[in-house]
2 protein chains.
Amino acid sequence: MTTRTATKPRKLTPKGEQTRLRIVAAAAQLMLDRGVAGTTMEDVKAASGASSSQLYHYFADKQALIMDVIAYQDERVVGDQEPMLARLDTVDGLRAWCDFIVQHQRDLECRGGCPIGSLGSELAEVDPAARAAVSGSFLRWESGIRGGLRAMHERGELTADPEDLALTVLAALQGGLLLAQIHRDVRPLRVTLDAMIDHVQAHTTAAVPSSGRP
Amino acid sequence: MTTRTATKPRKLTPKGEQTRLRIVAAAAQLMLDRGVAGTTMEDVKAASGASSSQLYHYFADKQALIMDVIAYQDERVVGDQEPMLARLDTVDGLRAWCDFIVQHQRDLECRGGCPIGSLGSELAEVDPAARAAVSGSFLRWESGIRGGLRAMHERGELTADPEDLALTVLAALQGGLLLAQIHRDVRPLRVTLDAMIDHVQAHTTAAVPSSGRP
DNA sequence: GAAAAAATGGAATGTCCAATCCAAAAAAAT
DNA sequence: ATTTTTTTGGATTGGACATTCCATTTTTTC
């Protein structure tokens with residue numbers, strides 16, 4: 001098929017693929033900085049160095065670009081965290097993951113919020129396809145968290161239900177990220193993730209009050 | 001002053017106040033249903049039965065209307081919950097509040113997400129004044145939650161820090177609401193709030209595993 | 001009852017922005 | 001080397017939409 005709107009586009013040349021990715025990466029950054037509605041195709045052109053023809057060569061319309069931005073952020077956020085998610089089978093691994101997220105938000109000065117959650121929140125009621133895509137990304141993220149918790153559970157170290165606990169941890173993370181963004185302060189995120197660590201620890205077989213950490 | 005853009009508007013007649021409120025209420029509903037960007041002034045006119053002149057008679061511009069929508073939602077959400085927040089000084093009160101929120105989302109079929117959180121997420125990076133207003137609303141909400149937890153603490157029933165716990169509960173709530181909205185399923189919210197109840201209970205002096213509830 | 005102020009109606013204006021169009025250059029395929 | 005395809009450039013178009021403008025009606029104030 002020569003149409004591109006509903007099917008996977010025909011295979012691009014390496015140069016074409018590079019241009020397409022440059023456009024998606026630029027759009028992803030702009031949409032994190034200013035939201036989807038606050039990002040125009042003109043902005044994307046300027047940030048990516050592409051022309052209008054290129055934008056509409058690679059993307060049927062703005063909505064198609066948004067879908068690719070969601071997929072891109074899914075890789076950048078969930079995909080990149082997978083090595084750490086694989087280590088959530090220990091409380092120390094959980095703590096390291098939390099520390100990484102808090103530090104990352106500190107580096108960003110709490111701007112943008114969660115790259116996936118913010119997109120989902122903005123688009124959920126106006127773009128069903130986008131909402132479904134973000135839902136898929138959240139399920140992937142939850143699955144990664146659950147994998148580690150389940151391993152703990154299978155070793156007999158975690159007494160709580162890893163299904164529910166993974167969901168709770170992701171929800172707390174999303175809420176902590178939102179509050180940090182709104183208040184421009186990592187404390188809500190830090191405190192919330194620490195509470196999750198405590199909560200997980202409280203449901204391990206070696207449950208003891210967490211001692212002061214250096 | 002005769003200007004209306006930066007100062008409190010001059011006193012309205014009762015009829016004028018009624019019209020202004022009708023506009024704000026209509027805008028609030030539309031912005032929950034379709035987001036701020038997805039809501040035009042034409043939509044607000046149609047929903048409120050007001051004319052363009054009326055919109056711009058009562059609001060300097062769309063941004064001014066948005067600010068009033070945030071204040072309105074603050075009252076509708078946090079203000080209306082205050083009686084329940086006053087009862088968060090018991091685990092049963094906490095459970096009742098959580099049940100109310102879950103049922104409310106069920107009634108809405110998880111559409112819209114949190115009326116305050118969604119506005120904040122969409123506007124945080126494009127409207128500093130809006131972000132600050134939402135921040136204030138979250139602080140008010142957190143304060144209401146903390147009040148109850150602090151009462152428990154002061155009675156010696158809660159061993160955890162009510163400051164941190166209130167923050168954690170609000171973050172978990174926001175995250176649960178977001179996940180429920182994105183997945184169109186109350187389960188993430190239910191599970192997350194249940195975990196918060198467990199977490200609070202685990203830090204009370206009568207800490208026992210929660211038995212199955214009817 | 002009259003004057004002033006507020007509320008209301010709706011057409012018009014100007015700007016923004018997604019998307020299209022016309023075309024040339026570069027790269028790939030034959 | 002030539003033809004075909006892909007990539008690229010940028011002007012233009014049409015529609016959306018916030019806001020302004022002109023005016024009348026209604027309500028409030030004196």
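All heavy atoms count here, side chains included; hydrogens, waters and symmetry mates do not. First the proteins, then the strands, lettered A, B, ... as listed; each starts at 1.
- Candidate nucleotides D/dG10, C/dA7, D/dC17 were compared by shortest atom distance to the side chain of B/Thr40, and D/dC17 ranks first.
- Between B/Asp99 and B/Arg190 a salt bridge is recorded (basic side-chain N to carboxylate O distance below 4.0 Å).
- Taking the side chain to side chain donor-acceptor pair (under 3.5 Å) definition, one finds that B/Gln81 meets it with B/Trp97, B/Trp141, sequence neighbours left out.
- Less than 4.0 Å separates DNA chain D from no heavy atom of any residue of residues 119-128 of chain A.
- Shown here are the salt bridge (charged side-chain N to carboxylate O under 4.0 Å, His left out) partners of B/Arg22, two or more places apart in sequence or in another chain: there are none.
- Ion pairing of B/Arg150 with B/Glu163 is present here, as a side-chain N (NZ or NE/NH1/NH2) and a carboxylate O approach within less than 4.0 Å.
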Across nucleotides 19-30 of chain D, 5' to 3', mark each nucleotide with B, S or - according to how protein heavy atoms within less than 4.0 Å reach it. BBB----SSS--

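- In a base pair of the Watson-Crick type (N1 to N3 plus N6-O4 or O6-N4) or a G-U wobble (N1-O2 and O6-N3), with each distance short of 3.5 Å, C/dT30 is matched with D/dA1.
- If you take CG of A/Leu65 and P of C/dA19, they are 10 Å apart, rounded to a whole angstrom.
- For the pair A/Glu17 CD and D/dT7 C1', the interatomic distance rounds to 14 Å; values are reported in whole Å.
- Rounded to whole angstrom, the span from the NE2 atom of A/His57 across to the P atom of C/dC21 amounts to 16 Å.
- Applying the salt bridge (charged side-chain N to carboxylate O under 4.0 Å, His left out) criterion to A/Asp127, with sequence neighbours excluded, gives no partner residue.
- Between A/Gln18 atom CD and C/dA28 atom C1' there is a gap of 16 Å when expressed in whole angstrom units.
- Sorted by first and then second residue, the salt bridge (charged side-chain N to carboxylate O under 4.0 Å, His left out) pairs involving residues 114-123 of chain B (not counting sequence neighbours) form an empty list.
- Evaluation of the side-chain contact (heavy atoms from CB on, under 4.5 Å) rule for A/Arg140 yields A/Asp74, A/Glu75, A/Val78, A/Glu82 as partners, not counting sequence neighbours.
- Rounded to whole Å, atom P of C/dA19 lies 9 Å from atom CD1 of A/Ile66.
- Annotation: salt bridge (charged side-chain N to carboxylate O under 4.0 Å, His left out) contacts of A/Arg187 (sequence neighbours excluded): B/Asp164.
- To the nearest angstrom, P of D/dT7 lies 12 Å from CZ of A/Phe59.
- By the salt bridge (charged side-chain N to carboxylate O under 4.0 Å, His left out) test, A/Glu154 is found to be paired with no residue, residues two or more places apart in sequence or in another chain being considered.
- The shortest distance between the side-chain N/O atoms of B/Gln54 and the OP1/OP2 oxygens of C/dT8 is below 4.0 Å.
- As rounded to whole Å, 17 Å separates atom P of C/dT15 from atom CD of A/Glu42.
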